[in-house]
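In what follows, a single structure is set out as structure tokens and then discussed.
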Amino acid sequence: MQDVLPEGGVIRKLWIGEADKYHDHVLRLDPESRHNRFAGSVSDEFVRKYVDLSISLDTVVHGFFIGGMLRAAAELRPLGMRFPRQAEAALSVEKPWQSHGVGSALLRRTLLTARNRGVELLHMACLAENRRMQQLARKFDAELSFDFGSVVGEVESSRPTPLSMMREFMADGHGFATAMLDLQSRMLRA
Ligand SMILES: CC(C)(COP(=O)(O)OP(=O)(O)OC[C@H]1O[C@@H](n2cnc3c(N)ncnc32)[C@H](O)[C@@H]1OP(=O)(O)O)[C@@H](O)C(=O)NCCC(=O)NCCS
């Protein structure tokens, strides 16, 4: 399925050295979005430490960029050796870019990456009152069976296939090419 993103927006994996962009994005979230993202109220200090930890772990972060700014992100964090084939996913979209299909596109990419890494159980810490996230998850009910009581999503047909691997490689290649073109055009304008 083709992603419909706000004009000029691109989704790609975050590169090493982009922790600052990720900090800045999470710190820009409005209080309600930050509360929903972390399932509770957290300080700026907590956000900084959390992002540093995420970046240093085996986490895959997809970012939504527009005009060179990171405006939304989706994390896929494996739970480690004690819980093989399990991972945690979390999404954050800055308010002006919410309800424009960005969360859907990010969750689609995250599910593809999870599948290609053999993840069978995907945990999402979603507050019971977070209707928007629940609506979003329901759009993927062919791939995810959600139990919002225990906030665990099961990734259906989690086996990677040559086609699912190819889809991820192609998405990565497209994200890289678009980022390079964007950088080039901004350098020419400067
Ligand atoms: C939850 C969140 C990730 C959704 O991202 P988004 O970009 O707004 O989502 P989308 O635009 O792709 O919309 C997804 C679905 O949510 C529903 N939705 C969108 N806007 C909505 C609104 N204002 N009210 C209720 N439901 C809404 C719709 O069902 C929509 O699907 P549709 O457009 O096909 O009808 C985003 O709002 C967000 O970052 N919130 C704060 C942090 C958070 O809650 N994170 C989740 C915890 S892990």
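Whatever order the structure lists ligands and atoms in, that order sets their numbers, starting from 1. Given the structure is predicted, the values throughout are model-derived calculations rather than measurements. Residue numbers count from 1 along this sequence.
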Ignoring hydrogens, just give me the one of [options] whose non-hydrogen atom is nearest [atom].
atom                    : options              : result
atom 11 (O) of ligand 1 : A74, A90, A105, G101 : G101
atom 12 (O) of ligand 1 : P6, A72, S104        : S104
atom 39 (O) of ligand 1 : V102, V93, L106      : V93

TODO: Report yes or no: is the cationic atom of R108 (NZ for Lys, CZ for Arg) closer than 6.0 Å to the six-membered ring centre of F140, at no more than 45° off its axis?
DONE: no
If you measure every N or O of [X] against every N or O of ligand 1, does any of those distances drop under 3.5 Å?
X    : answer
G103 : yes
M133 : no
S33  : no
A89  : no
L91  : yes

Are the side chains of [X] and [Y] in touch, meaning some heavy atoms are under 4.5 Å apart?
X    : Y    : answer
H100 : V93  : no
V42  : H35  : no
D44  : R34  : yes
V51  : H25  : no
M124 : M133 : yes

May I ask you to identify the nearest protein heavy atom to [atom], giving residue, atom name and distance to one decimal place in Å?
atom                    : result
atom 47 (C) of ligand 1 : N36 O, 3.6 Å
atom 4 (C) of ligand 1  : L136 CD2, 3.7 Å
atom 19 (C) of ligand 1 : S99 OG, 3.7 Å
atom 40 (N) of ligand 1 : Q98 NE2, 3.6 Å
atom 33 (O) of ligand 1 : K139 NZ, 4.3 Å
atom 23 (N) of ligand 1 : R132 NH2, 2.8 Å

Open item on the list: Counting neighbours of CD on E32 that are heavy atoms of other residues, nucleotides or ligands and sit closer than 6.0 Å, is the number greater than 12?
Closed with: no
TODO: Would you mind listing which atoms of ligand 1 come within a distance below 4.0 Å of any non-hydrogen atom of H100?
DONE: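 Near H100, the atoms of ligand 1 are 11 (O).
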Task: Sub-4.0 Å atoms of ligand 1 with respect to non-hydrogen atoms of Q135 - done: 16 (O), 17 (C), 29 (O)
Open item on the list: Ignoring hydrogens and geometry beyond distance, is a side-chain donor-acceptor pair present between S33 and N36 at under 3.5 Å?
Closed with: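 No.
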Task: Q135-R132 side chain donor-acceptor pair, cut-off 3.5 Å - done: no
When you look for heavy atoms under 4.0 Å from ligand 1, do you find them on the side chain of [X], its backbone, both, or neither?
X    : value
N130 : side chain
S92  : backbone
R131 : neither

TODO: Would you mind checking if K13 and E18 are paired as a salt bridge, meaning a charged N to carboxylate O distance below 4.0 Å?
DONE: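 Judged by the 4.0 Å cut-off on N to carboxylate O distance, E18 and K13 do not form a salt bridge.
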- [ ] For H23 and R48, work out which heavy atoms get closest and say how close.
- [x] NE2-O, 3.4 Å
Task: Criterion salt bridge (Lys or Arg N to Asp or Glu O under 4.0 Å) on R37 and E75, from CA distance to verdict - done: CA-CA 11 Å; R37 165 62 182 80; E75 273 189 39; 3.2 Å; yes
